Amino acid sequence: MRDFLPADVRRRQYVIGVVAEVFESYGFEPLETPAVENIETLTGKYGEEGDRLIFKILKRGEGAGTGEADLALRYDLTVPLSRVVAEHRAALPKYFKRYQVQPVWRADRPQKGRFREFYQCDVDATGSTSMAVEAELLSAGADVLRRLGFTDFTIRLNHRRLLSAILDVAGVPADLHGTALIALDKADKIGREAVVAEMTTRGVTEAAAATLVAFLFGLTGADNGPALEAIAGFVGTHEGGVAALADLREILTLASALSSGAHVRIDATLARGLGYYTGAIFEIAVADLAGSLGGGGRYDDLVGMFLGQRVPACGLSLGLERILVVMGERGMFPAAVERPPATVLVANFDGGAVGDTLALAAELRRGATGTPLAVEVYPDTDKLGKQFKYAADRGIPFVVVVGTEERQQGQVTVKSLGSGAQEAVARDRAAEYIVTHMGTSRG
RNA sequence: GUGGGUGUAGCUCAGUGGUAGAGCGCCGGACUGUGGCUCCGGUUGUCGCGGGUUCGAUCCCCGUCAUCCACCCCA
């Protein structure tokens, strides 16, 4: 578990601000849900591996002795959303478009870019089966990343029903689809032979595994058009495959006019582990991170598990922590985010005049010409050298000093720590002086 | 859940079966109304926690916790 110190919080708030602004511009509304859910709400939604990683909360009272759990920390934001849609259906619009930026918890071993507690930034739309939803979600995600300064990301696009079709045609029996997909998902990491080996050890026949791998690796590097053609040829008249291909073609057509268009790439090896996806699936990748920056897909049956009535849905999740990791490594944060805590430090020089020192700080905070100033007061009376050093260490660009003589003359001394320049200024002009020198005296 | 690494000063890390060191930082001074540069002097520790072996453990053994890496899986 991590603490976020002030500089961390500023970076996080900056990214979250961009996320919220972009999502709102698409008409998505904010939602928050509790950290804790009933355990039955979460179990059975994510697949076997997912269930294992849910943080469970022991039942109070007698249950504590038995180890029985009745509550759990939320594992993602998609299942809570589905629960909300089912519970509050009457209060929500026909198309519920929401975004949600909150922490989720996974009982995993932490690694680089992987944490037990981490924030997800989810956008989802429920109530529609239109591929317009997929296209807009991908563009909203792409807009966020571009606004943050990313240009080199790839949105891998695939389809659950297409995967099933390909596996069917290759001769993988339906009950082995799950394990075959796990092996397939690792294709870009472990390579062709290893995928075949893993599939055969999991019970897929060597012929089927070889057919599958030969076909999928043959697609590597192909542009979207040729890739779709090759896939169409492979799945032939398979009903699910034909339908899935139609979905993918429509998403590509719609996205081509939007900000995501240039980033989307058909990738028939993308599987995604979560159990609830039913249609299009996607994942956002950058070269310098093994894991993904985000992912998502269509899950038309999840709300129905709570409601008993089918409500189609599709969503995208951006991983805040991973975005922050990459932005930090690449130095992508704007200067305004790395700013010092205050613009001015008022030195506490004369112990007998602390009241006046605070009053001066209050005057300076009002700023000048519509520019308020952030003003910190050095709380203890101390040697000036220490006070200047404190300001310099914190990156505060200006120090204001008032001694007895200056106070009597209505003057203050303003020093710019960047340039080292120092000037005596009329007290009622000090804020103005600082504001006009702010831009040039950094550093 | 599986395998492995690390845990010693505020930080980065050395180290030895006989109760610990460097660099940086920090503090003080040269500079009693001025930070950055320089010089001089000084300080810093339940050696992660619990137990065991031993005359004696920071070092060896067992356990535990934290952290990191890989697997698994994922954002």
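Each chain gets a letter, A, B and so on, in the order its sequence line appears, and its residues count up from 1. The structure displayed is predicted, hence computed values, not measured ones.
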C1' spacing across the pair B/U6 / B/A14, given as an integer number of angstrom:
15 Å
Suppose you measure atom P in B/C68 against the same atom in B/C61; what distance do you get, rounded to whole Å?
25 Å
Judged by modelled atom types alone, do A/Arg98 and A/Gln100 share a side-chain donor-acceptor pair under 3.5 Å?
yes
Between C1' of B/G35 and CD of A/Gln422, the distance in whole Å:
11 Å
Cationic N near anionic O, under 4.0 Å, A/Arg106 to A/Glu117:
no
Roughly how many Å apart are B/C47 and B/A9, using the P atom of each and rounding to a whole number?
10 Å
Please state the P separation for the pair B/U16 and B/C59 - nearest whole angstrom.
13 Å
Residues in residues 135-143 of chain A with a heavy atom under 4.0 Å of RNA chain B, by number, are none
For B/A22 and B/U43, measure between their C1' atoms and round to the nearest Å.
15 Å
Expressed in whole Å, how much space separates the C1' atoms belonging to B/A57 and B/C62?
14 Å
Once rounded to the nearest 0.5 Å, what's the spacing between atom CZ of A/Phe333 and atom CD of A/Glu338?
6.5 Å
Classify the side-chain pair A/Thr381/A/Asn348 by whether it contains a donor and acceptor separated by less than 3.5 Å.
yes
Residues A/Asp8, A/Arg10: salt bridge by 4.0 Å N-O rule:
no
Out of curiosity, A/Leu373 CG to A/Ile434 CD1, how far, rounded to the nearest 0.5 Å?
6.0 Å
Pick the nucleotide of RNA chain B nearest each of A/Ser317 and A/Ala107; which residue has the one closer to the 5' end?
A/Ala107
Have A/Tyr277 and A/Asp301 got a donor and an acceptor in their side chains that come within less than 3.5 Å?
no
Quick test of your reading: applying ring pair (Phe, Tyr, Trp, His ring centres under 6.0 Å), list the pairs with at least one residue in residues 371-396 of chain A, sequence neighbours left out, ordered by first then second residue.
A/Tyr378-A/Tyr390
Which whole-number value in Å describes the distance from A/Asp122 CG to B/C74 C1'?
13 Å
Axial cation check for A/Phe28 ring with A/Lys97, 6.0 Å and 45° limits
yes
Sorted by number, residues from residues 401-414 of chain A placing a heavy atom under 4.0 Å from RNA chain B are A/Val401, A/Gly403, A/Glu406, A/Thr413
Provide, to the nearest angstrom, the distance between the CH2 atom belonging to A/Trp105 and the P atom belonging to B/C73.
25 Å
Using the side-chain heavy atoms of A/Lys386, tell me which of these nucleotides is nearest: B/U34, B/C27, B/A75.
B/C27
Basic-acidic side-chain contact under 4.0 Å: A/Glu363, A/Arg427:
yes
Can a side-chain donor-acceptor contact be found between A/Tyr75 and A/Glu37 if the only test is distance below 3.5 angstrom?
no
Base, sugar-phosphate, or nothing for A/Gly47, non-hydrogen atoms under 4.0 angstrom?
nothing
Answer with base, sugar-phosphate or nothing: what part of the nucleic acid does A/Leu293 contact at a heavy-atom distance below 4.0 Å?
sugar-phosphate
Rounded to whole angstrom, note down the C1' distance from B/U19 over to B/U58.
9 Å
side-chain contact (heavy atoms from CB on, under 4.5 Å), paired with A/Tyr26, selected from A/Leu137, A/Asp143, A/Val123:
A/Asp143
Does any donor-acceptor pair link the side chain of A/Lys415 with the base of B/G35 at a separation under 3.5 Å?
yes
Roughly how many Å is it from OH in A/Tyr378 to C1' in B/G33, rounded to a whole number?
15 Å
Atom pair distance, as rounded to whole Å: CG in A/Leu270 and C1' in B/A75:
14 Å
Which helical stems does RNA chain B take part in, if a stem means at least 3 consecutive Watson-Crick or G-U pairs with both distances below 3.5 Å?
B:1-7 with B:65-71, B:10-13 with B:21-24, B:26-30 with B:38-42, B:48-52 with B:60-64
Base, sugar-phosphate or nothing for A/Gln387? Non-hydrogen atoms, less than 4.0 Å.
nothing
I'd like to compare against my own output: the B/S/- annotation of nucleotides 67-72 of chain B with a strict under-4.0 Å heavy-atom distance to protein.
SSSBBB
Side chains of A/Tyr99 and A/Asp124 only: does a donor on one sit below 3.5 Å from an acceptor on the other?
no
Inter-nucleotide P distance (B/G45, B/G51), Å rounded:
23 Å
Starting at NZ of A/Lys383 and ending at P of B/C31, how long is that distance when rounded to a whole Å?
11 Å
Is any NZ, NE, NH1 or NH2 atom of the basic residue among A/Arg407 and A/Asp356 found under 4.0 Å from an Asp or Glu carboxylate oxygen of the other?
yes
Does A/Ala285 have any side chain to side chain contact (heavy atoms under 4.5 Å, CB included) partners at least two apart in sequence or in another chain, and if so, which?
A/Arg156
